[in-house]
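Structure, as structure tokens:
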Amino acid sequence: MIMAQNVQNLEKRMRDFDISYAEIKENIARAAEVSGRKYEDIRLLAATKTVPVELINYAAEKGIDLMGENRVQELDEKYDRLSFKKDQIHFIGTLQTNKVHNLIGRVGMIESVNSERLAGYISRISLERNTVTDVLVEVNVGAEATKSGADMQSVTGLIEKISGFSGVRVRGLMAIPPATDDQYELKMNFFNMYNMFIDIRDKKIDNISMDFLSMGMSHDYREAIECGANIVRIGSALFGARSYARG
């Protein structure tokens, strides 16, 4: 009985996913048009925290080609059963240095590099494994004490320091702006990130490629795209509300 219920629940989540995915693609296309771009210019990253592997792989079958995990342990548990290739997997959560070795060579990008120390660990282990790891520098755009990320004033200096590490390659910026119902405040944070992204790109720092601006999640991805994001990290809007009862 329990197994049958689990199958029915998974099938329902798959049907719900189909509806949500179609709507999200339409929203991305409209937001991209507002910003003078096309749907193809935006990468939709499926944020898969607590999402079962069966549903993640179903999303891949339906056209999702980029996923992100927040927790190293959860990625470890899922990894061998995923149909996503290494380059299609990003790590998007807070990363401790003692977990870096679990990711190098197994993910296409680490989006949450927030310090010179962490970048140094990633570079050292990458070189030990004869690889170079793509990363985004995480920015604490709202200067929130409860969030990680470099503060706005130190981002350029941090990137210049990271540029000296031969085992990492900075590909852009990532941010999670403060939650707010004020559309003006929300868009100002996104525009501030975009302006910083462009400013750093224009500096043409060695070993730095400003290719990706990752910002916007389920509740604000349209505004993020309108303000210049080209990666949006969408979880609950794709897969439904998270369930923390795992197994």
> If you round to the nearest 0.5 Å, how far is CD1 of Ile225 from CZ of Arg222?
Replying inline: 9.5 Å
> Cut-off 3.5 Å, side chains only: do Thr131 and Ser126 have a donor facing an acceptor?
Replying inline: no
>> Quick check: do Ile104 and Ile110 have side-chain heavy atoms less than 4.5 Å from each other?
In response: yes
> Hey, is the main chain of Glu54 close enough, under 3.5 Å, to the side chain of Asn57 for a donor-acceptor pair?
Replying inline: no
> If you round to the nearest 0.5 Å, how far is CD of Glu111 from CG of Asn70?
Replying inline: 10.0 Å
>> Between Arg37 and Glu33 (salt bridge meaning N to carboxylate O under 4.0 Å), is one present in this structure?
In response: no
>> Side chains of Arg169 and Thr133: any donor to acceptor distance under 3.5 Å?
In response: no
>> Do the side chains of Arg43 and Asp65 get close enough for a salt bridge, i.e. N-O under 4.0 angstrom?
In response: yes
> Hey, are Asp16 and Lys12 close enough for a salt bridge, meaning a charged N less than 4.0 Å from a carboxylate O?
Replying inline: yes
>> Minimum heavy-atom separation for Ile234 and Leu238, please, with both atom names.
In response: O-CD1, 3.7 Å
> Under the 6.0 Å and 45° cation-pi test, does Lys187 pair with Tyr184?
Replying inline: no
> Using 30° and 60° as the class limits, which term best fits the ring planes of Phe17 and Tyr58: parallel, tilted or perpendicular?
Replying inline: perpendicular
>> Tell me the closest heavy-atom pair linking Val141 and Ala175, and the distance in Å.
In response: CG1-CB, 4.3 Å
>> Tell me whether the count of non-hydrogen atoms from other residues, nucleotides or ligands lying under 6.0 Å of CG in Asp206 goes above 12.
In response: no
>> When you compare the side chains of Ser163 and Asn207, does any donor N or O come within less than 3.5 Å of an acceptor on the partner?
In response: no
>> Could you tell me if the side chain of Val107 sits less than 4.5 Å from the side chain of Glu69, heavy atoms only?
In response: no
>> Under 6.0 Å from the ring centre and within 45 degrees of the ring axis: does the NZ or CZ of Arg106 meet both conditions for the six-membered ring of Tyr79?
In response: yes
>> Quick check on the hydrophobic clustering: are Phe191 and Ile42 connected, directly or via other members, by side-chain heavy-atom contacts under 4.5 Å?
In response: no
>> Under a plain distance cut-off of 3.5 Å, with no hydrogens placed, do Asp41 and Asn230 share a side-chain donor-acceptor pair?
In response: no
> Got a salt bridge between Glu74 and Lys78, using NZ or NE/NH1/NH2 to carboxylate O under 4.0 Å?
Replying inline: yes
